[in-house]
Amino acid sequence: MYLHIVEDLKTTIIERFPEISEEEVNISSPPDLRFGDIAVPLFVLAKKLGVSFSGIGEKIIGVIRDLSYIDRAELVGGYLNLFLKRNLYARETLIEIFSKKEKYGSVGLGKEKKALIEHTSINPNASPHVGRARNAMIGDSLSRLLKFEGYDTEVHYYVNDMGRQIGLLVLIADELEGLDFNGILDAYVKANRRAEEDEEFAKRGYDLLAKMEEGDEETRKKFYRVTELCLQGQLEVLKRLGVEYNCFDRESSFLHSEELEKVLNVLREKGALFVDEEGRLTVDLSKLGYSQEEGRYFVLRRANGSSMYGYRDLAYTIYKGKRGSDVNLIVLGEDHKLYAQQLELILKSAGYSSPECVFYSYILLKEGKMSTRQGNVVLLSDFLDKASELALQKVKQQCVELSENEQKLIAEKIAVSAIRFAVLKVSPTKNVVFDYDSALSFEGDTGPYLQYGCARIKSILRKYGKDIGDEIGEDFSIKTDDEWIVVRRLSEFPEVVVNSLVQRNPAIVANYALELVRRFTTFYHNCPVLQAEEEALKYSRLQLCKATLQTLENALSLLGIPVLERM
RNA sequence: GCGCCCGUAGCUCAGUAGGAUAGAGCAACGGCCUUCUAAGCCGUGGGUCGUGCGUUCGAGUCGCACCGGGCGCGCCA
């Protein structure tokens, strides 16, 4: 509804004043309800046409007066403030929500289109910590946005089942028999420490890698066993968060690729490929237009012939590119920026496209950086356990009538919402300081607050007992500002979803959801629903509750936050 | 040193393609549970939007410089 009106206003104004371009017509929201619902700043228009604010303002009023949803217009300073017909607007908004239901908010941006997104792709050597999980949560939320907008979406997870660290891990796993997922983190730390101290051990790691790459069956099996064990453990934790994938691509299957050979030939032709003094096969990016000295060289193969991560990743990136997606995304930590740039440059030189990168900054602890080596990490599973336990205490008080099992399920969902919202509400490019205690508090701007808002609505609907129809009756009405503010916000959801997806930033939806709940809660406190003065008003408010719940459910599902019946 | 990202209240963050008096939460203080879930609500205090120039009718938002933090810069992934 909101998008409609903005478009409508723009075209109406442009049609009347052909000398004004579309970019010059700016529609904005007034800071306060008494300035109306929609504002048209007149500064640019007045200047362009060489008339006064009131001159242009009156003319615009003249052309938009006939638009059915405009109640009245006021000129204040350089603004033309428009007041909407509340009942009409609310009616249209609710009709749209009730007819689209779980699709409300989608404008079908991805209709008939394909999308591919790769995210998380953690090294199979440790239990994911909250910092790494930022990748998963952002990626998962973007996947949900893509699907919601109608994209046929593939979610890829790149299994880094090769490389130096995995080589070392396999070595040590051989020594420590019966290693389980929990033992891996320990083993990984041990392996790395030992490699630093013991050159012989480190060399054995590289040798093992080379053997793996040559295709030795026994070695391949060993690698597979260790990495699969770790991968499944990681996926289990991620699944607790509601994060899932539909394509797993093993790095070890990208050791050879015809396309990559083509790329290498192009590099040779351009004189960008050479063997350096240490015997490594290296790309000189300056031959491809790279202008800095720093990061100029990109090593493809070690002196012993084994491939580097980047080599395999080139093949993998080409593979993903060939899947013919209209959108090709990858979620990466900011530490990969230069690397991604280098990769893109190489692929571009041979005519291949690269994925669009969504970078996110690190999550820091109050004590400083998270570091697996120093044990200064918040493990995702630990956090979820702790949060779930705390939530359970509260649920036991609040939901006495439920079975212990049901209580536990609720507590777990509260824990998930706490972590997901804490991470997703912050824009990806920002460093976040993760405060363990406030993430566990469940009060204020938190996931549980959102769930609480939903649970309250559900409670009202449950108490009402009967189904609430989708038909908006003749006597439907919006009486108070509090109701109106909710309606306005509901109507803006489709625009929010588009912004969030286009800007590749789930935080936009997260903050929208927060604001919607806050506004609903104000309404909730000021306007009795079941005890409303008259029957018609009661039903109007019930329908508003239902519409709010639907919108909230849609928003929360984009964030992967579960909605609860009660809590 | 070079490159990219960030800098908004004591703390954690919003701020909608430059627009009207800069907003939340936490922490502090004061109120509200015989009324739809108090994981809530209302109120008070708290800001030269890192600093300085500049562009503009108008800058937290755009440009430049500086300061501070994060990340990266050839056998890690």
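The sequence lines fix the lettering, A, B, ..., with proteins before strands; numbering per chain opens at 1. Keep in mind the model is a prediction, meaning the values are calculated, not measured.
B:G3 and B:C66 have their P atoms separated by 10 Å, given to the nearest Å.
A cation-pi geometry, defined here as NZ or CZ lying under 6.0 Å from the six-membered ring centre and within 45° of its normal, does not hold between A:R134 and A:Y360. Annotation: cation-pi geometry satisfied between A:K337 and A:F359 (NZ/CZ under 6.0 angstrom from ring centroid, within 45° of ring axis).
Within a heavy-atom distance below 4.0 Å of RNA chain B, the residues of residues 416-429 of chain A found are A:V426, A:S427, A:T429.
Closest contact between the side chain of A:M567 and the listed nucleotides B:U37, B:C5, B:C73 involves B:U37. Between B:C42, B:G72, B:A77, one nucleotide has an atom nearer to the side chain of A:L338 than all others, and that is B:G72. Closest contact between the side chain of A:E251 and the listed nucleotides B:A77, B:U16, B:G70 involves B:A77. With B:G19, B:A14, B:C76 as the choices, the nucleotide that has an atom nearest any side-chain atom of A:K430 turns out to be B:A14. Closest approach to the A:F35 side chain among B:A39, B:A38, B:A20 is made by B:A20 (side chain taken as heavy atoms from C-beta onward). The side chain of A:D276 lies closest to B:G74 when the candidates are B:A17, B:U37, B:G74. The A:P41 side chain lies nearest to B:G19 when the options are B:G19, B:A14, B:A38. Picking from B:U37, B:G74, B:C57 the nucleotide with the shortest atom distance to the side chain of A:Q398 gives B:U37. The listed nucleotides are B:C41, B:C2, B:C71; the one nearest the side chain of A:Q292 is B:C2. You'll find that the side chain of A:E294 is closest to B:C73, out of B:C71, B:C73, B:G69.
Taking only side-chain nitrogens and oxygens, A:K47 comes nearer than 4.0 Å to OP1 or OP2 of B:C57.
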For RNA chain B, the dot-bracket notation using Watson-Crick and G-U wobble pairs below 3.5 Å, [ ] for pseudoknot-type crossings and | for other-strand pairs, is (((((((..((((.....[...)))).(((((.......))))).....(((((..]....))))))))))))....
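By the 5.5 Å and 30° criteria, A:Y79 is stacked with the base of B:A20.
Enclosure of atom NZ in A:K408 is not indicated, since only 12 or fewer non-hydrogen atoms of other residues, nucleotides or ligands lie within 6.0 angstrom.
Within 4.0 Å (heavy atoms only), A:N123 reaches sugar-phosphate atoms of the nucleic acid but no base atom.
A parallel orientation is assigned to the rings of A:Y158 and A:Y316, their planes being inclined by less than 30° (bins at 30° and 60°).
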